[in-house]
Each structure stands twice: as C-alpha cells, then as structure tokens.
Protein chains: 2
Amino acid sequence: MSAELAPIRSKPAYRRVADALRDRILDRTLREGDRLPPETELARQFDVHRSTVREALRELQSSGLLIRRPGSKRLAVTRPTPGIIAQGISRALAMHETTYLDVWEALTVLEPPIAESAARRRTRANLERIAAAAQRFAAENADADLAVHHVAAFFRTIGEATRNRVLMLAQEPLLQLLEPSLRAMINRVPQARARIATAQRRIREALERGDAAEARAWMIRHVRDFRRGHELAGLVTTHRVHFRRAAE
Amino acid sequence: MSAELAPIRSKPAYRRVADALRDRILDRTLREGDRLPPETELARQFDVHRSTVREALRELQSSGLLIRRPGSKRLAVTRPTPGIIAQGISRALAMHETTYLDVWEALTVLEPPIAESAARRRTRANLERIAAAAQRFAAENADADLAVHHVAAFFRTIGEATRNRVLMLAQEPLLQLLEPSLRAMINRVPQARARIATAQRRIREALERGDAAEARAWMIRHVRDFRRGHELAGLVTTHRVHFRRAAE
DNA sequence: GCCGTAGGATTGTCGGACAATTCGTCCATT
DNA sequence: AATGGACGAATTGTCCGACAATCCTACGGC
C-alpha cells in the first residue's frame, strides 16, 4: 500500500530563473542575437536578488545559450556552437574510460557515410572550402599544430557539405579528441603527411565528381591510415584520451 | 610591422575559479565522488568572495562536473552522464535548423554499425539487458510515453554492448530528439508497435548468435521503418525538431 | 555629418547577514 | 553492538547594499 512518494524538493531560485530564461530562449521569446535585459531588470522581473540572477546567468552561459560578445557588456542570446558543445562532450569522454581506439572506431563509423552524403549534397561553395582546407594542409610543412588543425578543418568542411547538423555535431568531438594523438603521429611518422595529402586529394576529387562510392572508399582508407600511423608511431591505441581546454 | 596584438581581456574571477576547479577535476586532483569543500572554504582558498565562488560552481554544475546528490547539501565531483551531455546537444540541435530528417539520417548512419559492433562484443549480461528492454516494450500496450521510453532504452542497451563511450554518447541525443515524433507515430500508426517488436526480436536474436551481418541488416530495416512510420503518420520529416526539458 | 566627451547604465566583486537544512557527534535505549 | 534521537555546528540559499571599472549614449563642437 505504501505509495512511492515523490521526493519533494522545490528547486532553488537560481535554477528556476535559469529554467525560465532557457524556456524563453528555446521558445524564441528571446531570439538569437537579442541582448538580455540588465541583471537588475531581470532581478526585478523575477523578484529575486541580483546575485541569484547572476548564478542563473552563469549556468546558461556555460551551456552556450548566452554569450558575451567581445568588447560588450551585456549578454546576448545565441545558439550553442558545435565547438562549445563538443568541448563538453570531449571533457565527458575524457573523464570516462574512453580510449583512442574508441575514437577511431567512431571515426570509422561516421566519416565514410559523411563523405558519401557530402558527395551528394555538396555545393560549389562547399567544394571551394574543402579545396582550400586541403590546400592549407598541403602548404603547412613545418608546424605540426597547424597541420593537425588543418586536418580537422578538412573534416569539418566535409561535414558542412552534408548540411546535417547532427552529423556535424557528432564528428566535432572526435576531431577535438583526435588532435593530440594526431600531432604525435605526424611528428613521428615521416610519410604521414604525404599519405594524408593523398587521401585528401582523392576524397576532394571524388566529392567534386559527386562520386559517393569513391568518396566513401577513400575516406575509409583515410581513417584506416590514422590507425596505421598511430601504430607505426608506437602510440598505444588503448590509452585513454585526454582533453584540456581552459587557458586561452 | 604592426604586430597583431593579442586582445588583453583578463578573465573575470568567477571564470578563473571555474577553470581552476575544472582543471583540478580533469587532472583528478579532485576525484570522482569527492565532496567539494564548502563554499566559504573555497572562497578563502581562492581569495574571492563567496558569491564569486557560487557563480563558478553554477557553471561547473551545468556542465555536469559537479552534482548535488539528492538529499545532500555539499556538491560532489562527478563524471558528466551521457544523459546530461546529450541534453545540451539536443538543445543545441533544436536551436539550429535541425529537422527530423537530419536525425533520421544520423540514425541511419550510426545504428547499423552500432548493432554490428554490439554483435561482436556483447556479453551475457548485455544480452540480458537487451532482452529485458525488448520485453518491457512488448509488454507496454497502453502508455505511448512509456513505450517510447522503452524503445529508446532498447537502443541504449545495444549501445552499451559496444563498450564504446563515443558511440553511446553519439546516439543519445538522437534518442532524445526522436522521442516526441516517435510518440506521435506510435499513436497514429496501428501497426507500428508490432513492427518495432518484430525488429527488436530479430535484432536481439542476431545479437545472441553473434551474427553481426544480420544484426546490421535488421537494424537498417528497423531504422528505415521509423521513417516509413513517420510518413504514414502524416508527420512531415522536414519539420524542425524541438526539445524541452526544464520541469522535473 | 563626424567625433570626442561627460554622465548614466551595467557588470564584476565585495562585505555582511540570516533563515532553513543538513551534518556530525554524543548519549540513551533496546 | 546496533538503533534511534537530540542538538549545536556547519553549510547552503537568498538577500541587502556598496563601489570601482567599463561600456553606452546622447549631446555639443567642428
């Protein structure tokens, strides 16, 4: 007979304020680009103290719904960028027992279909961006950090070409987590840059022809190469990924 | 000759405190399960006011690194759960122009390889959880909300069987976003439940046999059915997804 | 019309206060 | 030795108020 009693825990005010604001943003009462009212005004409207409002604001800020535009005082409503979101994902993955092998497996799953889809939907503008990214990688012969950055950018431009936000967002954390090990690999495996450049070229050409099967096939090789290179570099793929991003 | 001057913007104290704490968590100085020191103590250590500390705490709390255990006062260090992370992703996707078609496409990409991988790695325990989830769905003939919940749970158990956090995390937002439209579909398409139950059974059997190809094949059909059902129900797949999750 | 400036508005941070809850410990009871 | 209060200490949630630093704006000068 003992009914399961719902635990009664009225939410603290800062959370109610955050929820209320988030609702206003999601239902577009507050639209993207709008500047938020001043804290004192919000405090007045919600009938709480300004400190309480500020706690709520920090919450929304860290989930990427509010942003302070550089050189501006007021907060503005914004859509969370893939980068911000992926940062949270990357941290979460780094805290769980995620290995480079896991990341690589996910790349294997995601990237070939992404390449395929990109081959079907890419526009002229996409192709230009893809070519530019490949070009930048090919031109960067010194700085490994930059090279790695350009590799990630290449994948991103392909993701954009799919026009599917879900896929773009899904691949972003992989790119973030891949960077450190990719950098190590490029430094230790001499032929790595050339192999990457070749794969990028073949993928790019396939995308230009709209050849989905070929784009997929080369993407598969490209991703497989990452693992090969990883092993050649003596990196252990079952090591846990790590991720830091605080200083800026 | 004009050197690119780095914009000097010393971060506000609440952000520095948040960064410092986040670093301590990521480098495991503060370990999972540890209770955080009291706010006054943190304020003393960082030499800032307690309000400032509280703003930092809200930030970490919303990124899922700190949690208040039910019926507890102190905050505890924790790993962000897939659910929490995916919530942020879902919101982000809902704010961009993400359509149900996008979600469905991502399901098409992700789920078959997940099923394949699960077929290779599943343990006895996984199989039991998968069977239990399928059982719960089959037994739920009334409440559409519950049925939908069980469908998502079925996918989650399969994701767990892959033992790959990245894949698990990638599929979570899809499940969250799928729920509303899936609920509508189940309510409007009479044969939907039966088709889902059949697919679940075939997938489960394939997983039990460790038959990766068959698991993949049935998962493909299963996901395709979602779209068919969607269309049969007269739901427009190019509508934007929406996501709310505030009350609790 | 463009530009600089003064005053107003807004944020970042602080000091302090107090009620409500939870924590921890000590003691009585079974 | 477990169990179950009892109670003061510790901690959080919320508020009030204050002030410097910075951003914003509107006004007046060129």
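Computed over heavy atoms, backbone and side chain alike; hydrogens, waters and symmetry mates excluded. The structure presented is a predicted model; accordingly, all values stated were derived computationally and were not measured. Letters go in sequence order (proteins before strands), and every chain restarts at 1.
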Atom pairs under 3.5 Å: protein N/O with N/O of nucleotides 17-19 of chain C:
from: C:dA17; atom 1: N6; to: B:Arg50; atom 2: NH2; distance (Å): 3.3

Legend entry - pair A:Met95-B:Leu26: side-chain heavy atoms closer than 4.5 Å: yes
Legend entry - Carboxylate-amine/guanidinium proximity below 4.0 Å for B:Arg156 and B:Glu172: yes
Inset, instruction - Look at A:Thr40 and C:dT11 and indicate whether a side-chain polar atom (N or O) is within less than 4.0 Å of OP1 or OP2. - result: no
Legend entry - side-chain N/O B:Arg54 vs D:dT12 OP1/OP2, d < 4.0 Å: no
Legend entry - First encountered from the 5' end of DNA chain D, between A:Arg35 and B:His49: B:His49
Inset, instruction - Calculate the interatomic distance between B:Arg16 atom CZ and C:dT13 atom C1'; express it in whole Å. - result: 11 Å
Run the side-chain donor-acceptor check on residues 142-155 of chain B: report pairs under 3.5 Å with partners two or more places apart or on a different chain.
from: B:Asp143; atom 1: OD1; to: B:Asp145; atom 2: N; distance (Å): 2.8
from: B:Asp143; atom 1: OD1; to: B:Leu146; atom 2: N; distance (Å): 3.2
from: B:Asp145; atom 1: OD1; to: B:Arg183; atom 2: NE; distance (Å): 2.4
from: B:Asp145; atom 1: OD1; to: B:Arg183; atom 2: NH2; distance (Å): 3.4
from: B:His150; atom 1: ND1; to: B:Leu146; atom 2: O; distance (Å): 3.3

Inset, instruction - Can you tell me the distance, in whole Å, between the CZ atom of B:Arg58 and the C1' atom of D:dT14? - result: 12 Å
Legend entry - Whole-Å distance separating the CG atom of B:Leu42 from the C1' atom of D:dA10: 14 Å
Inset, instruction - Starting from C1' on C:dA9, measure out to CG on A:Leu75 and report it in whole angstrom. - result: 15 Å
Inset, instruction - Kindly indicate whether the side chain of A:Lys73 and the base of C:dT10 share any N or O donor-acceptor pair separated by less than 3.5 Å? - result: yes
Legend entry - Under 4.0 angstrom between B:Tyr14 side-chain N/O and C:dT13 OP1 or OP2: no
Inset, instruction - Find the distance B:Gln61:CD to D:dG13:P and express it as a whole number of Å. - result: 8 Å
Legend entry - Qualifying side chain to side chain donor-acceptor pair (under 3.5 Å) pairs with a residue from residues 74-84 of chain A, counting only residues at least two apart or across chains: A:Glu32-A:Arg79, A:Arg79-B:Glu97
Inset, instruction - Ignoring backbone atoms, test whether B:Ser72 places a side-chain nitrogen or oxygen under 4.0 Å from the OP1 or OP2 oxygen of C:dC23. - result: yes
Inset, instruction - Scan side-chain atoms only and decide if B:Thr99 and B:His239 contain a donor-acceptor pair under the 3.5 Å cut-off. - result: no
Inset, instruction - To the nearest Å, give me how far apart CD (A:Glu39) and C1' (D:dC16) are. - result: 16 Å
Inset, instruction - Would you tell me if any nitrogen or oxygen in the side chain of B:Arg74 comes within less than 4.0 Å of OP1 or OP2 on C:dG24? - result: no
Legend entry - Under 3.5 Å side-chain donor-acceptor pair for A:His49 and A:Ser51: yes
Inset, instruction - Say whether A:Arg121 and A:Asn164, considering side chains only, have a donor N or O and an acceptor N or O under 3.5 Å apart. - result: no
